[in-house]
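Each remark here refers to the structure printed beneath this line.
Computation of the quantities below employed the complete heavy-atom set of this structure, encompassing side-chain atoms and omitting hydrogens, waters and symmetry-equivalent molecules.
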Amino acid sequence: MNIMWRFERSFVRQIRVRQTLMSKKDLWMGLNEHARKALSPRDYKTGSLVQRIAESGVDASELASIRGKSGLKEVWIPGVEIFAREIRLQRHRGSFGELGREARGVLGRIRLWPRQWSAARMFANTAKGFHIHPPHIPPDAKAEKWLRRLFINQPQNYSLRPYDREQWDIMFFLQGRAEIFLRDVRAGLPARSMHFFVDGDNYRSRNNVGVVIPPGVAHAIRAEGSEDVIMVYGTSTTFQPDFEGRIASEIETAELPESWRKFLSL
């Protein structure tokens with residue numbers, strides 16, 4: 001009993017000392033004036049799931065497990081699919097992971113199968129700036145009305161989707177960890193953002209997923225950590241340069257952020 005009392009007393013003393021230090025106005029007196037003015041506290045609040053999906057980001061496994069739940073309708077981008085993949089460990093050799101089976105699983109349900117498969121490597125500490133593929137709009141239709149029909153009014157009528165006339169992406173990651181940003185900019189649909197993290201096959205986890213991105217949804221990818229990212233992606237059409245639109249892609253050749261350069265020049 002005496003030992004517990006002394007432990008609690010010591011713990012309370014440490015808390016009080018810390019609170020006292022944090023409350024002192026001269027906590028940063030050892031820094032010069034420019035540095036003190038530049039300081040700002042970091043917000044460690046996580047926020048709700050809806051907030052994290054749209055802002056700070058979540059593990060892809062969270063999205064794959066809660067897909068379709070009513071509470072996410074306000075944040076989920078219509079047409080986006082995130083589905084789990086199984087990576088099988090092969091002792092002393094490596095691993096084996098399926099990318100997908102035609103007419104099976106999520107890809108079978110939405111009736112999408114790529115016409116072209118490609119691979120890309122992203123060096124560590126690099127990013128692919130936001131890029132986007134144009135939705136196909138029939139000549140006799142208005143964009144807003146057509147897109148709302150596809151994704152709001154008849155979202156499960158997959159036969160309406162003109163896969164052969166617009167580029168849909170299906171992404172898988174073989175190596176590294178990737179941070180993915182999505183932004184819906186389609187006419188007539190709510191402007192929504194999704195932000196999540198995906199693991200490559202060399203990290204066996206629940207974050208080994210496949211991602212389907214519709215045309216009209218801007219997407220950016222950033223390599224997380226100090227390892228190259230290797231991705232495999234299928235597209236619903238063969239490669240066409242006209243289908244590649246760049247938005248806010250300066251990060252691909254970006255210098256240090258302006259705030260960093262300003263601070264370093266003080």
Side-chain angles (χ1 to χ4, degrees), residues 49-50 52-54 57-89 95-120 128 133 150-152 154-161 163 166-184 186 189 192-222 224 229-237:
L49 177 60
V50 169
R52 289 187 290 122
I53 291 173
V58 299
D59 284 345
S61 59
E62 290 189 70
L63 297 177
S65 63
I66 57 180
R67 176 71 173 99
K69 292 190 176 180
S70 57
L72 290 179
K73 288 184 178 179
E74 62 183 274
V75 69
W76 197 280
I77 296 176
V80 169
E81 302 287 349
I82 300 174
F83 55 93
R85 298 174 53 239
E86 182 179 357
I87 310 303
R88 299 177 178 85
L89 180 64
S95 63
F96 170 76
E98 293 190 25
L99 303 182
R101 299 187 182 189
E102 187 174 5
R104 303 279 189 89
V106 169
L107 300 182
R109 174 173 58 81
I110 66 175
R111 303 183 186 182
L112 171 61
W113 191 249
R115 287 193 174 184
Q116 177 173 327
W117 288 100
S118 306
K128 294 181 182 290
H133 311 299
L150 289 183
F151 298 103
I152 303 298
Q154 301 181 49
Q156 296 182 343
N157 189 353
Y158 304 114
S159 61
L160 286 177
R161 296 180 178 181
Y163 290 133
E166 57 186 17
Q167 181 174 321
W168 288 64
D169 289 343
I170 308 168
M171 297 182 181
F172 305 89
F173 293 85
L174 301 182
Q175 176 182 294
R177 289 187 164 107
E179 182 179 14
I180 299 180
F181 303 82
L182 305 181
R183 179 68 175 176
D184 195 349
R186 289 171 290 187
L189 300 186
R192 295 171 175 167
S193 298
M194 295 178 69
H195 179 191
F196 52 94
F197 300 86
V198 179
D199 288 347
D201 290 6
N202 59 326
Y203 295 100
R204 288 199 308 147
S205 75
R206 294 189 304 159
N207 292 323
N208 301 133
V209 301
V211 181
V212 176
I213 303 176
V217 175
H219 43 289
I221 305 172
R222 183 162 58 180
E224 185 189 25
V229 169
I230 298 178
M231 60 184 292
V232 173
Y233 60 99
T235 53
S236 59
T237 59

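With respect to the salt-bridge test (charged N to carboxylate O, under 4.0 angstrom), the residues R161 and E166 do not qualify. A salt bridge is defined here as a Lys NZ or Arg NE, NH1 or NH2 lying under 4.0 Å from an Asp or Glu carboxylate O, and R192 with D184 fails to meet this definition.
Between W168 and Y163, the distance from one ring center to the other falls under 6.0 angstrom.
Annotation: side chain of I66 is in contact with side chain of L49 (closest heavy-atom distance under 4.5 Å).
S193 pairs by the side-chain contact (heavy atoms from CB on, under 4.5 Å) definition with R183, not counting sequence neighbours. Applying the side-chain contact (heavy atoms from CB on, under 4.5 Å) test to I152 and every residue at least two apart in sequence or in another chain returns P78, R148, L189. For E224, there are no salt bridge (charged side-chain N to carboxylate O under 4.0 Å, His left out) partners two or more places apart in sequence or in a different chain. When the side-chain contact (heavy atoms from CB on, under 4.5 Å) test is applied to I87, the partners found at least two apart in sequence or on another chain are R85, S95, D201, R204, N208. Listed by chain and residue number, E179, F181, F197 satisfy the side-chain contact (heavy atoms from CB on, under 4.5 Å) test with H195 (two or more places apart in sequence, or in another chain).
The main-chain N or O of S61 is found under 3.5 Å from a side-chain atom of N207 such that the two form a donor-acceptor pair.
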Let me see the working for R206 and E62 under salt bridge (Lys or Arg N to Asp or Glu O under 4.0 Å), right down to the final yes or no. CA-CA 9 Å; R206 294 189 304 159; E62 290 189 70; over 6 Å; no
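Residue pairs meeting the side chain to side chain donor-acceptor pair (under 3.5 Å) criterion with at least one partner in residues 101-111, sequence neighbours excluded, are E81-R109, E98-R101, R109-Y158.
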